[in-house]
Amino acid sequence: MLTIQSLREDKDRVIQALSKRHVDATSDIEQVLEWDAARRQTQATLDDLLAQSNALSREIGGLMREGKKEAAEAVKGKTAEMREQTTDLKHRMHELEASIQDVLCTIPNTPHADVVAGKSAEDNIETARWGEIPTLHAGAMPHWELADRFKLIDFDLGSKVTGAGFPFYRGKGAKLQRGLIRMFLDCADEAGYEEFIPPLMINAESGFGTGQLPDKEGQMYHDVTDDLFLIPTAEVPLTNIYRDVMVKEQELPIKLCGYTPCFRREAGSYGKDVRGLNRLHQFDKVEIVQIDHPDRSYASLDSMVDHIKGLLEALELPYRILRLCGGDMGFTSAITYDFEVYSAAQKLWLEVSSVSNFETYQANRLKCRFKGSDGKPQLVHTLNGSALALPRIVAALLENHQDENGIRIPKALQAFCGFERID
RNA sequence: GGAGAGGUGGCCGAGUGGCUUAAGGCGCACGCUUGGAAAGCGUGUUUACUCGAGAGGGUAACCCGGGUUCGAAUCCCGGUCUCUCCA
């Protein structure tokens, strides 16, 4: 959520920045500012009235103590009207606050200066590329056929037991998952991220804190009986650790990581590019999160990007990095880099990681602050990235490292999996 | 699932309708004292909104949300979390 201060101080800059997303927030912002002015006006009146009313109450208290009952009763009469007024004003305040909040949380984050205007994925900027695209032997298979041939993943069984998008991993397929998770967690640990095993369900407050609610409710599985949501990413529980927290400046940056399954309804996804592991309702992911000082958050973003490069290079997967354009970026992000690996049999670039700086957008919702050198509370910056999401990594590993007889496991991964080949 | 007890500042803890502007203690910061330190003494030590150039002022907040009352940490209702016991 944008801060109301940023709108008061420089609404033109905000409107300008949002235009890169092809969002025209002019009327919403004008409306919010109007309500904000009304709210302040109302508060001034209310505070004044309450001050008077408090004074009268103290007077009554004094008179009662002295036993002057009639005098006290007389003063009581004066307070009746005042009470009605304060009740009205309090309601008015609540209404205005709620209206401001409702509109404010529908306005997305302002893109960083480096983000270009654009409508869709075609306008994203490629900022880096690494690795050779492998030439596969004749008869090379897409990963879903390899998974079937070597009995690594059973999609049909998942459909039977749960539904489409919930595969079973088995045998070396399961071990490969476990090995990747271990590798990613160990690398995050070495890079100074503290490991967590968070809850897989979150409450509505947490959903609001990181920006999944109220807007993207339909993307999460919702247990209505207890009003809990299955996490779409570990970002939600990990970042919400710091909801309503005043952190110490010298503790920054705070670096967290965690492996979790992720659950996404993927409502609206259809047909194309959803075969096999390309798009699932449940998948595994290791997430890295940083809570950082505003002055240093962009250096931290770079370090997260480097961390992910290291993982992909260790897995010997060719990748490219895209800086998303305004129109393709998530609602809460100020800047996002997507990592895509090349899946050689499908001949497709697959997104395997998304790294973002949210600046103060989530922090404002979370109320996560630190005390600056001037002693005043300031919002932190939050960042996160996938390091990494497993299914598409597995897809690319299987496809790119296949030969006539089987699949080669990259050297760096062998120790974690416990085998060198799948055949 | 049932019964009971409880939730007060950074921490401990008093407080059962108005001299509460939340006692007292611990911790922390600064000062005095000291050769230096400790002890001692003194001062200060929450957050949000808001008014003000500033100094400073107003309002709100004792788990959350309602209610009773001129007035609520305190009484009532609902929720939530923790603990104990039972199933």
Side-chain angles (χ1 to χ4, degrees), chain A residues 1-9 32-105 198-199 201-209 213-214 222-229 237 240-252 254 360-380:
Chain A
M1 191 160 73
L2 298 175
T3 62
I4 192 97
Q5 292 88 327
S6 70
L7 300 184
R8 278 192 211 143
E9 282 160 18
V32 165
L33 287 174
E34 198 178 299
W35 282 331
D36 180 50
R39 182 188 60 80
R40 282 192 280 173
Q41 174 83 60
T42 308
Q43 181 166 1
T45 316
L46 176 63
D47 284 359
D48 189 51
L49 218 51
L50 286 172
Q52 289 178 44
S53 157
N54 286 344
L56 287 176
S57 286
R58 273 192 294 273
E59 199 180 327
I60 292 169
L63 291 169
M64 295 294 260
R65 238 173 286 117
E66 290 166 30
K68 297 176 181 168
K69 272 226 157 129
E70 294 82 51
E73 286 302 322
V75 180
K76 270 194 200 181
K78 284 201 245 176
T79 61
E81 194 190 338
M82 220 177 254
R83 201 164 170 244
E84 232 170 76
Q85 282 182 44
T86 54
T87 309
D88 287 352
L89 286 169
K90 276 181 196 165
H91 284 139
R92 179 90 186 111
M93 280 284 284
H94 284 139
E95 275 171 28
L96 286 166
E97 278 165 3
S99 302
I100 290 169
Q101 170 95 344
D102 284 353
V103 173
L104 215 48
C105 60
M201 299 189 94
I202 50 122
N203 58 29
E205 287 77 15
S206 294
F208 178 81
L213 296 175
H222 186 192
D223 166 21
V224 182
T225 312
D226 293 310
D227 197 23
L228 295 173
F229 298 85
N240 270 283
I241 293 171
Y242 287 92
R243 173 154 52 83
D244 294 317
V245 170
M246 183 76 81
V247 298
K248 293 207 165 60
E249 188 173 11
Q250 61 271 22
E251 287 172 353
L252 301 173
I254 294 163
T360 60
Y361 194 89
Q362 288 183 330
N364 190 33
R365 289 175 165 229
L366 294 161
K367 296 198 186 65
C368 177
R369 296 163 300 167
F370 70 97
K371 268 192 189 151
S373 44
D374 58 355
K376 290 207 176 120
Q378 249 188 86
L379 293 169
V380 299

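Chain A is the first sequence line, chain B the second, and so forth, proteins listed ahead of strands; every chain is numbered from 1. Owing to the predicted nature of the structure, the values given are computational and were not obtained by experimental measurement.
With A:Thr360 contributing its side chain and A:Ala363 its backbone, the two residues share no donor-acceptor pair below 3.5 Å. The main-chain N or O of A:Glu97 is never found under 3.5 Å from a side-chain atom of A:Arg39 such that the two would form a donor-acceptor pair.
Taking OH of A:Tyr361 as the reference point, atom OG1 of A:Thr3 lies at 11.0 Å (rounded to 0.5 Å).
With rounding to whole Å, A:Met246 atom CE is found 10 Å from B:A48 atom C1'. Atom P of nucleotide B:A48 and atom CG of A:Leu379 are separated by 10 Å, given to the nearest angstrom. Distance, A:Arg58 CZ to B:U69 C1': 17 Å, rounded to whole Å. Distance A:Ile4 CD1 to B:A48 P: 16 Å, rounded to the nearest Å. Note: CE (A:Met93) to C1' (B:U50) measures 9 Å, nearest angstrom. Distance, A:Glu205 CD to B:U80 P: 12 Å, rounded to whole Å. Atom CG of A:Leu96 and atom P of B:A60 are 19 Å apart (whole Å). Taking atom CD1 of A:Ile100 as the reference point, atom C1' of B:C49 lies 12 Å away to the nearest angstrom.
Residues A:Val380 and A:Tyr242 form no side-chain contact, since every pair of their non-hydrogen atoms from C-beta on lies 4.5 Å or further apart. A:Asn240 places none of its side-chain heavy atoms less than 4.5 Å from the side chain of A:Ile202. A 4.5 Å side-chain heavy-atom check between A:Asp227 and A:His222 finds at least one atom pair inside the cut-off.
Taking atom C1' on both B:C41 and B:U82, the two are 41 Å apart, rounded to the nearest angstrom. Rounded to whole Å, the C1' atom of B:C26 lies 16 Å from the corresponding atom of B:G44. As rounded to the nearest Å, B:C30 and B:A39 have P atoms that lie 15 Å from one another. B:G25 and B:U8: their C1' atoms are spaced 15 Å apart (whole Å). Taking the C1' atoms as reference points, B:G65 lies 24 Å from B:G15, given to the whole Å. Here, B:C63 and B:G13 have their P atoms 15 Å apart, quoted to the whole Å. Nucleotides B:G42 and B:U46 place their C1' atoms 23 Å apart, quoted to the nearest Å. For the C1' atom pair drawn from B:C12 and B:U69, the interatomic distance equals 33 Å after rounding to whole Å.
Taking 4.0 angstrom as the limit, A:Arg369 places a side-chain polar atom (N or O) nearer than this to OP1 or OP2 of B:A48. Proximity of A:Arg39 to the phosphate of B:U50: a side-chain N or O atom is located under 4.0 Å from OP1 or OP2.
Remark: A:Gln43, A:Asp47, A:Leu50, A:Ala51, A:Asn54 in residues 41-56 of chain A come within less than 4.0 Å of RNA chain B through at least one heavy atom.
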Check the pair A:Asp102 / A:Ser99 against side-chain hydrogen bond (donor to acceptor under 3.5 Å, both in side chains), numbers first and verdict last.
CA-CA 5 Å; A:Asp102 284 353; A:Ser99 302; 5.9 Å; no
Taking it one step at a time, do A:Lys90 and A:Met93 satisfy side chain to side chain contact (heavy atoms under 4.5 Å, CB included)?
CA-CA 5 Å; A:Lys90 276 181 196 165; A:Met93 280 284 284; 5.5 Å; no
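Taking a pair to require two hydrogen-bonding distances under 3.5 Å in either a Watson-Crick or a G-U wobble arrangement, B:C41 pairs with B:G31. In this structure, B:A60 and B:U47 make a Watson-Crick or G-U wobble pair, each of the two defining distances being under 3.5 angstrom. Judged by Watson-Crick or G-U wobble contacts below 3.5 Å, the nucleotide B:C19 has no partner. With both pairing distances under 3.5 Å, B:G10 is matched to B:C26 as a Watson-Crick or G-U wobble pair. Both distances falling under 3.5 Å, in either a Watson-Crick or a G-U wobble arrangement, place B:C85 opposite B:G2. Using the Watson-Crick or G-U wobble rule with both distances under 3.5 Å, B:A72 pairs with nothing in any strand shown. With a cut-off of 3.5 Å on both Watson-Crick or G-U wobble distances, the partner of B:A55 is given as none.
With RNA chain B read from its 5' end, the first of the two nearest nucleotides for A:Arg40 and A:Ser57 is the one closest to A:Ser57.
Among the nucleotides B:G66, B:U50, B:A48, the one closest to any side-chain atom of A:His94 is B:G66.
The heavy-atom pair separating A:Asn364 from A:Leu2 by the smallest distance is ND2-O, 3.3 Å.
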